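For clarity, every value in this text was computed on a predicted model and none was experimentally measured. Quick note on labels: first sequence line is chain A, next is B, and so on, each numbered from 1.
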Amino acid sequence: MRVATWNINSVGARLPRMLEWLEGAAPDVLCLQELKCTADAFPYEAVEALGYQVAAHGDGRWNGVAILSKVGLEDVVRGLEGGPEYEGVQETRAISATCGSVRVWSVYVPNGRELVHAHYAYKLEWLTALKAAVAFDAAGERPFAVLGDFNVAPTDKDVWDITLFEGATHVSEAERTALVELGKAGLEEVMPRALKYDVPFTFWDYRNLGFQKNKGMRIDLVMGNPAFNAAVKDSYVDREARRGKGTSDHAPVVVDLDL
DNA sequence: ATGGTGGTCAAACCA
């Protein structure tokens, strides 16, 4: 089974590139983030024509997550139960489902913006709520993983130049601690291979030729429980999907499983 | 050089 995650940065704007990638990489399950559309506006027909079932959770201009599956899509749960609100709203940043023998979450962790911003506190609260919400499945026997854009670089190596991140979000102690705490629920990172260069970055800013200069960050992660991780045969970041016109600023992370 | 790209939705905000 091939499972993948991709911050698509507008499923509408990205549809041709996404369909092309679905046909080529042919994942059984794809977790999407940043749909930037309502659930009603998701391009269901085009994706279903490729053999996928779709569960989407989105409410407008920002955020939005989905799970695409060729191997069944059951027990869909939209949202993060017990999660914090931002400006009075529970944002559409999480969706979970059972796809064949695995249960997956697709998550879009809040960005945080600045260390002193309310969005940063919200980000930390969101990660704490995520840990509580996934604890039961993480501790279970069924293969289980949380995939998505975590907006946290786990180590200093996971950004192109750590000296430029002094005082920035994505690399702070508290964010990394929150990731470690999530792991304590029974999840461990699946480390992808890089197809080029040494670190498998997953995000490159559109500005300043970030991709061309490989000024990237590794912030899209797969956290699996022991049953999931024991089945992993291979994992890689498909940086080719970031190349050329009309791409997302993120690349997909692919995991191949013996399931 | 204090911007720079690209998304949404048509001005300003988000990443």
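Between A:F201 and A:W204, the two ring planes are perpendicular [angle over 60°; tilted spans 30° to 60°].
Listed pair A:R61 / B:dG7 fails the phosphate criterion, with no side-chain N or O lying under 4.0 Å from OP1 or OP2. The phosphate of B:dA15 has neither OP1 nor OP2 within less than 4.0 Å of any side-chain N or O from A:R207.
Residue order along DNA chain B, read from the 5' end via each residue's closest nucleotide, puts A:K245 first among A:Y86 and A:K245. Between A:G246 and A:H119, the residue anchored nearer the 5' end of DNA chain B, judged by the nucleotide with its closest heavy atom, is A:G246.
Contact annotation for A:N111: backbone-only contact, meaning every heavy-atom pair under 4.0 Å involves sugar-phosphate atoms and none involves a base. Here A:F203 lies out of heavy-atom contact (under 4.0 Å) with every strand.
Look at CG on A:N208: it is 9 Å from C1' on B:dG3, rounded to the nearest Å. Across the protein-nucleic acid pair, A:R242 atom CZ and B:dG6 atom C1' stand 10 Å apart, rounded to whole Å. Separating the NZ atom of A:K36 from the P atom of B:dC13 is a distance of 15 Å, rounded to the nearest angstrom. Put simply, CE on A:M217 is 11 Å from C1' on B:dA15, counting in whole angstrom units. In this structure, A:E114 atom CD and B:dA15 atom P are separated by 11 Å, rounded to whole Å. In this structure, A:D249 places its CG atom 16 Å from P of B:dC14, rounding to the nearest Å.
Taking only side-chain atoms of A:R93, from C-beta outward, the nucleotide of B:dG7, B:dA15, B:dG4 with the closest atom is B:dA15.
If you check B:dG4 for Watson-Crick or wobble pairing at under 3.5 angstrom, you find it has no partner at all.
Across A:D28, A:D258, A:D256, a single residue satisfies salt bridge (charged side-chain N to carboxylate O under 4.0 Å, His left out) together with A:R2, and that is A:D256.
The pair A:R218-A:E189 meets the salt-bridge criterion, since a charged nitrogen lies less than 4.0 angstrom from a carboxylate oxygen. Checked for salt-bridge contact, A:R142 and A:D137 meet the test: a charged N lies under 4.0 Å from a carboxylate O.
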